[in-house]
Structure formats: C-alpha cells, structure tokens
Amino acid sequence: MSVPLPFRMEQFLDFLAFERGLSDRTLRAYGRDVERLIAFGQGRGAQGPGDLSPTDLQEFMYHLKDSGLAPASIRRAQSSLRSYFGFLLQEGALEADPSDRLEAPRAWRRLPDVLSVEEVLALLEGPDAAKTLYWRDRAILEFLYATGVRVSELVDLGLVDVDLAEAVCVVFGKGSKERIVPVGRAARDAMGTYLREVRPDLDRGRGQGRAFLSGRGRPLSRMSVWTIVRQAAQRAGIGKKVSPHTLRHTFATHLLEGGADLAAVQELLGHADISTTQIYTHVDREYLTSVHRKYHPRA
C-alpha cells in the first residue's frame, strides 16, 4: 500500500533496519502490522499518527481479533506498534504514546459498548436516504444486527449464500467452518431491495459473486464496512464508539436479555467454545440486576 508521508513509514523501517538491525523477515512483519494500523486509521479519518488515539488502537486490536488473527500474531502487532510509536516519540513527531496502555489479548474480557434497542433503531436510520448507496448501507446495518456476523464474514458473503425466501444465509466463519444463520424480516426487506434495485447497477463483472459491493463494483472491504457503520452512528447522534463488532456484541446481548439459551447464541455466533460466548453473560447479569433493582419492592 502507498502510505502517506506524515506516517513516516519509510523512516521507521530504516530505523528498524539500521539502528536495531532487525532481519528482513522481522522488518516485513513489523511493516505489515503498522500498515494495517494506518489503513485502519485512515478508515476512521486519520491523516497522520497524531490522529490515532488510545481508543483507536484498542479498537484496532479488536479488529485484528475479529479478523481471526492468532493471539501470538496480535501480540507481535502490539510490539510492532509500540516500536513504531516509540520511534515517533524519539523523532519528536509525537508528544504522547497512544500505545502506552494497550491491553494484551489475555486481558480481553471487557466488551465494547453495547447499544440499547433505541440506539440500534437510530443507527439503522443513520444512512443518508438521498444517496445512491442508501439501500446497500441500510442492508449492511440490518444484516449485521440481525445475524451477529463478523465483518469478515459479511464481506465474504456470496450471493449464493443468501436465501431470502427461506430467511437464512450460509456463513463461513473461522477455519471456513460453515453455519446457518436466520435472517429477520427487517433485514430481509432491506437486503431484498438492495439486491433487486442497487446491486445489479454496481456489478460490472468484478464483483466475484459477493453480495455486498463497493461503488466501483468490487467486493466491499472490511474498512469500508467500518466506515459505513461509523458514519451511520455519527448521523444518528450516538456518542459511543460504534463498529461492526459493536453490532455483533449487541446482537448477542439482546438475545440473552430476551431469554435466549447460551448454547443457541454460541451456535449463532459461530463460537467453537461456549466459554467464548460466556463473556456475554456478565452483560446479561448486569441487565438482570438493573431490572431487579428497579422493579423489586425490596431491592
């Protein structure tokens, strides 16, 4: 990728090679990690490293985890970022290190913000109805909340994987593991309108059979989905940091609050181990505690 000059990528790689004496293999790994961060940051409007906040970096770590990277690869990415921001501090390009308190994967038991039902409804109304791609963006938001899929699963979704008549879709998760996920009525309506009225005009033979396409007719990227969600949240006036992963967490939390069985939520999310799904139960417990405190006469 072409990295804008303010990020000082070339100088950073020279520093690693000549001052730290890192091997070519390690250089490539560090460079790849930092370039991923830069692409992520640009998707959130960053023009240079000074625009990247600690929250941005933590969201980037969640993004790597959601993309299926192994904990060892994520730890290496953290090391790469610390080296990068240490270099920028040394060069006087930054006054503070946003990676200073970056959490390790083993500490990730805290969930990002979960949206209320009212916030979700506002988010779904967030896309600009005057824009040509309104129905694509609306379908993406509806689909994320209706299915709880990972952003990687959404961008890989094929046309043949969507069966609106049967109200299901086939999702290929980590390790290409296949699962069937129901699609609710609102999401089916939005998807149907997008597939009938918008996608045919976008597909110029370069869509590779994917369901969701960019304005240029290519498969939609993960970063584009992040941008769509973020812009909808801004238009909806939601103050929380909202990402595709937020909708996945919200999907699971709302199911549990409604009384869904944990094993069923595990299956819908595509978790191999139910202990991964159990991180949502603390949110459910907090909800139940708040209900008890509000409505029980002797709480």
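- The side-chain contact (heavy atoms from CB on, under 4.5 Å) check on Ala139 picks up Ala190, Met191, Tyr194, Phe212, with sequence neighbours excluded.
- Counting non-hydrogen atoms of other residues, nucleotides and ligands closer than 6.0 Å to CD of Glu10 gives a total of 12 or fewer.
- Under a 3.5 Å cut-off, the side chain of Asp14 and the backbone N or O of Gln11 do not form any donor-acceptor pair.
- Contact check for Arg248 versus Phe251: no side-chain heavy atoms found under the 4.5 Å cut-off.
- Tyr30 OH to Leu16 CG: the interatomic distance, rounded to the nearest 0.5 Å, is 7.5 Å.
- A distance of 9.5 Å separates OG1 of Thr250 from CD of Glu257, quoted to the nearest 0.5 Å.
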side-chain contact (heavy atoms from CB on, under 4.5 Å) evaluation trace for Thr193 with Arg138 | CA-CA 10 Å; Thr193 302; Arg138 178 67 183 253; over 6 Å; no

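- Taking a 6.0 Å sphere around CZ of Arg76, one finds it holds more than 12 heavy atoms contributed by other residues, nucleotides or ligands.
- No side-chain N or O of Ser99 forms a donor-acceptor pair with one of Tyr84 less than 3.5 Å apart.
- For the pair Val265 and Leu256, the minimum side-chain heavy-atom distance is below 4.5 Å.
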side-chain contact (heavy atoms from CB on, under 4.5 Å) between Leu213 and Arg204: does it pass, once the steps are laid out?
-> CA-CA 10 Å; Leu213 303 181; Arg204 305 178 183 94; over 6 Å; no

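- For the atom pair CG (Asp156) and CG (Asp161), the distance works out to 9.5 Å, reported to the nearest 0.5 Å.
- Of the possible donor and acceptor atoms, one in the side chain of Thr147 sits under 3.5 Å from a partner among the backbone N and O of Phe143.
- The two atoms that bring Met223 and Gly43 nearest to each other are CE-CA, 4.2 Å, heavy atoms only.
- Shown here is Arg216, whose CZ atom has no more than 12 heavy atoms of other residues, nucleotides or ligands within 6.0 Å.
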Steps toward side-chain contact (heavy atoms from CB on, under 4.5 Å) verdict (Phe15, Glu91) = CA-CA 11 Å; Phe15 163 77; Glu91 293 292 301; 6.0 Å; no

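- Of the possible polar contacts, none joining the Ser214 side chain to the Pro219 backbone as a donor-acceptor pair under 3.5 Å is found.
- There is a side-chain donor-acceptor pair under 3.5 Å between Ser83 and Arg20.
- Nearest heavy atoms, Ala211 versus Leu195: O-CD2, 4.3 Å.
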CA sep, side-chain torsions, deciding dist, call: Lys240, Glu119, side-chain contact (heavy atoms from CB on, under 4.5 Å) = CA-CA 10 Å; Lys240 299 173 182 176; Glu119 287 172 329; 2.9 Å; yes

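- Not one N or O on the side chain of His249 forms a donor-acceptor pair closer than 3.5 Å with the backbone of Gly148.
- Using a 4.5 Å cut-off on side-chain heavy atoms (C-beta onward), Ile38 and Pro49 make no contact.
- For Glu153 and Arg179, the salt-bridge test passes: some basic side-chain N is under 4.0 Å from an acidic carboxylate O.
- In this structure, the side chains of Arg44 and Glu59 come closer than 4.5 Å at one or more pairs of heavy atoms.
- Proximity of Pro54 to Pro98: side-chain heavy atoms (C-beta onward) are separated by under 4.5 Å at one or more points.
- Of the N and O atoms on the side chains of Ser221 and Ser224, at least one donor lies less than 3.5 Å from an acceptor on the other residue.
- Remark: Leu88 CG to Asp97 CG distance equals 9.0 Å, nearest 0.5 Å.
- For the pair Lys241/Thr55, a side-chain contact is recorded, criterion being any heavy-atom separation below 4.5 Å from C-beta on.
- Between the side chains of Thr246 and Ser243, at least one donor N or O sits under 3.5 Å from an acceptor N or O.
- When hydrophobic clusters are built by joining Ile, Leu, Val, Met, Phe, Trp and Tyr residues whose side-chain heavy atoms come closer than 4.5 Å, directly or via intermediates, Val242 is not grouped with Leu121.
- Residues Asp56 and Phe60 are not in side-chain contact: their nearest non-hydrogen atoms beyond the backbone lie 4.5 Å or more apart.
- Atom CD of Gln231 has more than 12 heavy atoms from other residues, nucleotides or ligands within 6.0 Å.
- Residue pairs that meet the salt bridge (charged side-chain N to carboxylate O under 4.0 Å, His left out) test with at least one member in residues 180-189, sequence neighbours left out, are Arg185-Asp189.
- In the hydrophobic clustering, Val168 connects to Val170, Phe172, Ile180, either directly or through intervening members, whenever side-chain heavy atoms lie under 4.5 Å apart.
- When all heavy atoms of Ala96 and Leu89 are compared, the closest pair comes out as N-CD2, 3.7 Å.
- Between Gln208 atom CD and Arg218 atom CZ the span is 8.5 Å, to the nearest 0.5 Å.
- For the pair Arg136 and Arg199, the minimum side-chain heavy-atom distance is 4.5 Å or more.
- Across all non-hydrogen atoms, the minimal contact from Gly41 to Leu52 is CA-CD2, 3.8 Å.
- Heavy-atom minimum distance, Ser80 versus Asp33: OG-OD2, 2.7 Å.
- Scanning all heavy atoms of the two residues, the minimum distance from Val229 to Leu123 falls at O-CD1, 3.9 Å.
- Interatomic distance, CZ of Phe12 versus CD of Gln90, reported as 11.0 Å (0.5 Å rounding).
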